[in-house]
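This structure is a prediction, so every number in the text was calculated from the model and none was measured. Below, chain A is the first sequence line, B the second, and so on; all start at residue 1.
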Amino acid sequence: MAGKVPYNHNVIEKKWRKRWKENPINVEGDKEKYYCLDMFPYPSGNGLHVGHWRGYVISDVWSRYKMLQGYYLIHPMGWDAFGLPAENYAIKNGVHPSISTAENVKNIKRQINEIAAIYDWDREVNTTDPDYYKWTQWIFVKMFKEGLAYEKEMPINWCPSCKTGLANEEVVDGKCERCGAEVTKKNLRQWMLKITAYADRLLADLDKLDWPEKVKKMQTDWIGKSYGAEVDFKVDGRDETITVYTTRPDTLWGATFMVLAPEHELSASLATPETKEAVDKYIYEASMKSNVDRMQDKEKTGVFTGSYAINPLNGKKTPIWLSDYVLADYGTGAIMCVPAHDDRDFEFAKKFGLPIVQVIAKDGKEIENMTEAYTEAAGTMINSGDWNGMESAVLKKEAPAMIEAKGYGKKTTNYKLRDWVFSRQRYWGEPIPIVHCPDCGPVAVPEEELPVLLPDVEKYEPTGTGESPLAAIDSWVNTTCPCCGKPAKRETNTMPQWAGSSWYFLRYVDNKNSDELVNREKADKYLPVDMYIGGVEHAVLHLLYSRFYTKFLNDIGVIDFDEPFKKLFNQGMVCGRDRETGAATKMSKSLGNIVSPDDIVRDYGCDSLRLYELFIGPPELDSIWDDRGMEGIYRFLNRLWNMFTENKDRDVAVTKELEKIRNKMVYDITTRLEQFSLNTVVSGFMEVNNKLVELTKTTGVDKETLKTLTILLAPFAPHIGEEMWEQLGGTDSVFHQTWPTYDESKMADDEKEIAVQINGKTRGTVTVSVDAEKDAVLAAAKEVVKDKLIGNIVKEIYVPGRIVNIVMK
RNA sequence: GCGGAUGUGGCGGAAUGGCAGACGCAGCAGACUCAAAAUCUGCCGGUGGCAACAUCGUGUGGGUUCAAGUCCCACCAUCCGCACCA
């Protein structure tokens, strides 16, 4: 066709990226803010693959949609740039991490800009920038002053490969989350953050959040709150008392023995001369076992100490054992054992021939030849003295108070959450701003002296001794005490990578402020985050730490809210296909199945890639990259472009049909987008385009429909959207238009084809007017299937606009 | 072991309890072309049938309902999370 300009993505995309740079489209005015945040990336040397892009595309589409709804966007990007890979690269190549990091940032920034993301680079932050980590350190100092950061010598998780301590959250299946090496225990002086002080609030406030239930559940489980009682057992013939924690105080009469963790402070001393050798051996062996060994030991082990404890309720002597199935750092490190009603205690009792006393009747009676523990708190109490006859479920709730009233112990709660091991023995992280003074102890570096700059070192290698490489720089380590002025030494441990990422979203709204972490007025205006988009891998670590930091900063008056992220969306991964098996596999260099967005953008354009990233599948599920699917999207954009160019200069009158198509299009796209069903938004565009292509051959498509389509499409394919808008005569950016609305009355069909079923099976169709009477529809329907109406009609069902079902016989 | 997610054509996937398979990919046939690519048109779950049509069909087995991919019960498989937390 004459005058037809083919779709040239290169020309269009280049043109509009330049325009956006010259005339930013996101302007504040007096608009309300909308804060849409991406999880900021670690600037890896590999750059991004199409999987990383998925989240960025989703957040960009959502942001542009919000923009068309009239919001001013906070849509920033930054770099989580401290961490091991840069340091390991430095060790290998002798390049300072700050140099390799800067190079990687540059490359990834280029890639991200090709998504056409409207990131506001004026807000950019980098966790390794001293102006940034000054405030990371400042938060630590504040926590230290509030007693939330403290030092402790304790056995911690130690990764022998990374040569650093790890938080519990960083240990997966007994292995290092980062490198996969088996984690061992090491006694080290550590900086800890008292996140447990916030356990209750971290748990309760989950209710406030519009987050995936899965993530809330994971955090709930990680915090692991339980209700029960601490009960004091006197050691027979000695002055000591052993306190146990139990969630089942109702079964106290059934406690027939007690088990202590080998690490319990009384473990060794409970041994008698006869048992001493065996007890010491057991304690020693337990201390040598790694986490993995301990978890893999399915068979229970244990040793009798020779001592007995007195059950406070019935005065009975119960033997005290040691076993490593009891955890030293949960509860009190000691448990009372009720083998009749606990699986683990049952197994232990069976193995070592300990007595089993049932105290809850199952189905109203005592079980003969018990083969497994009865763990339900359901049934009447038996063998339980004055508790006999009570309901277990009731007693379970009341017993803690009863025990407390009698002076046998107290009502209590417990958490699985532990305090956060916060120090790392590595180089590339924020120095912990503490000075150790022989007289004053640990002293915080005065706030006006922050940041404590990370010094250059010659050797980045972790020492492996439990000291950071910083310890080798005498000139840096030796300083004076800020308190008394005497010679003192700097803390040489650094912070974990999580430190910088636990609060970065606050800094974006005031990233150049050198006097405050964030200006309060700006914080009140632009925070918190309305929508947070990122992978589910941060369900516990990053998201829990960020919530903790936010609550702390709220407590000390820096900000006015106590939850950072109102809404959270986890996008699925984009997998590659295994060349041989065809199975979905993570994209990785070693498998050679990485698809680079650079190649795709070059061949098909950024708009095509954006649409394919959405069309590939439901955004919350993992999906598989398919090059041919990518081509299909490209074909669609070409068809759309051709349809557009053939209609844009025609003078087409609005018909009822066109009006219907337009309203239905707005309805479909809007509702699907609101439901975050982004894959079906794209198919919705294809459907409407197919219809418009048909109309192009006959009546053509009117301007209003083309304009509406253009605005709807713009958040998804912004370059072509802008180009179409301009060609339709728009003088301002398409993103300064208003999101279209629909009129339901103009969407509906006058006539509808509905199915006619007999006994639930479709036997024909009938086209009826939507406002036809039931009797008329039924009559028409019966006419269609009259040959098949053999027998008696029992019931006739008509669901207007949907179906007729005739029930026979 | 506990918890969660998922299971629909050759593939990715779509379906407020109401005609299963939208949309796309692949495939087949045709048009255009000397030819190919691109593009356009048509077909495209299985079985039977020239066809109209019939029949089976959403992991398996039951159930509720006029009607079930969708709701309920019991399983199976895959993936993810937690895992001796008393």
Side-chain angles (χ1 to χ4, degrees), chain A residues 172-174 212-215 217-218 220-222 224-226 228 244-249 251 255 258-259 261 294-295 297-298 300 323-327 329-338 341-345 347-348 375 414-418 536-537 539-540 572-573 577 582-584 611-612 615-618 620-633 635-636 638-639 642 671-672 677 679-690 693 697 753-765 794-808:
Chain A
V172 178
D173 288 335
E213 285 307 314
K214 177 185 172 166
V215 175
K217 178 82 170 47
M218 282 169 74
T220 302
D221 290 349
W222 190 263
K225 185 174 187 174
S226 66
V244 302
Y245 172 69
T246 178
T247 55
R248 293 296 303 278
T251 63
M258 179 185 275
V259 177
R294 218 160 144 157
M295 280 191 303
D297 283 342
K298 293 274 184 282
K300 298 229 175 334
S323 175
D324 65 6
Y325 82 89
V326 175
L327 305 175
D329 57 354
Y330 179 76
T332 62
I335 60 168
M336 66 175 210
C337 295
V338 186
H341 303 287
D342 181 278
D343 291 326
R344 296 150 302 184
D345 299 347
E347 189 192 331
F348 196 83
T375 56
N414 245 309
Y415 300 90
K416 290 189 198 176
L417 184 71
R418 311 292 151 91
V536 74
E537 67 273 15
V540 176
M573 274 194 310
R577 218 185 258 288
L611 290 177
Y612 184 58
F615 189 62
I616 194 167
E620 69 280 8
L621 299 183
D622 292 350
S623 31
I624 300 172
W625 182 269
D626 182 353
D627 287 330
R628 289 173 305 198
M630 183 66 241
E631 283 194 47
I633 287 284
R635 278 201 282 264
F636 158 67
N638 275 288
R639 278 199 298 271
N642 292 339
T671 50
R672 291 173 191 186
S677 180
N679 51 328
T680 61
V681 168
V682 179
S683 52
F685 281 121
M686 292 171 172
E687 281 171 87
V688 77
N689 187 53
N690 288 345
V693 166
K697 293 176 195 159
E753 190 190 62
I754 64 171
V756 181
Q757 299 187 330
I758 295 173
N759 291 337
K761 296 200 177 203
T762 304
R763 287 293 181 255
T765 60
V794 184
K795 204 171 177 182
E796 293 166 339
I797 290 149
Y798 171 50
V799 183
R802 296 210 179 271
I803 208 155
V804 168
N805 192 7
I806 299 164
V807 188
M808 309 280 301

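Nucleic acid contact for A:Ser226: sugar-phosphate only, since backbone atoms but no base atoms lie under 4.0 Å from a heavy atom of the residue. Using a 4.0 Å heavy-atom cutoff across all strands shown, A:Glu753 reaches at least one base atom of the nucleic acid.
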Look for any protein N or O under 3.5 Å of an N or O in nucleotides 3-10 of chain B and output each such pair with its distance, or none.
residue : atom : partner  : partner atom : Å
B:G3    : O2'  : A:Lys217 : NZ           : 3.3

Considering only nitrogen or oxygen atoms on both sides, find all protein atoms under 3.5 Å from nucleotides 41-48 of chain B and state each distance.
residue : atom : partner  : partner atom : Å
B:U41   : OP1  : A:Lys697 : NZ           : 3.4

What protein N or O atoms touch nucleotides 21-26 of chain B N or O atoms at under 3.5 angstrom, if any, and at what distances?
residue : atom : partner  : partner atom : Å
B:A22   : O2'  : A:Glu687 : OE1          : 3.2
B:G24   : OP1  : A:Asn690 : ND2          : 3.2
B:C25   : OP1  : A:Arg635 : NE           : 3.0
B:C25   : OP1  : A:Arg635 : NH2          : 3.0
B:A26   : OP2  : A:Arg635 : NH2          : 3.3

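Residues forming a ring pair (Phe, Tyr, Trp, His ring centres under 6.0 Å) with A:Phe348 (at least two apart in sequence, or on another chain): A:Phe257, A:Trp321, A:Tyr325, A:Phe352.
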Legend entry - Where protein sits on nucleotides 61-66 of chain B, one letter per nucleotide: B base, S sugar-phosphate only, - none, heavy atoms under 4.0 Å: -----B
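In RNA chain B, stems built from 3 or more consecutive Watson-Crick or G-U wobble pairs, each with both distances under 3.5 Å, span B:1-7 with B:76-82, B:10-12 with B:23-25, B:27-31 with B:39-43, B:45-48 with B:53-56, B:59-63 with B:71-75.
Note on A:Tyr325: every side-chain N or O is 4.0 Å or more away from OP1 and OP2 of B:A86. Remark: A:Arg763 is in phosphate contact with B:U55, judged by side-chain N or O atoms under 4.0 Å from OP1 or OP2.
To the nearest 0.5 angstrom, A:Ile797 atom CD1 is 9.0 Å from A:Gln757 atom CD.
Note: CG (A:Leu327) to C1' (B:A86) measures 9 Å, nearest angstrom. Between A:Ile624 atom CD1 and B:C11 atom C1' there is a gap of 9 Å when expressed in whole angstrom units.
Atom name P, nucleotides B:G12 and B:A86: the rounded distance is 42 Å, in whole Å.
By the 4.0 Å N-to-carboxylate-O rule, A:Asp342 lies too far from A:Arg248 to be salt-bridged with it.
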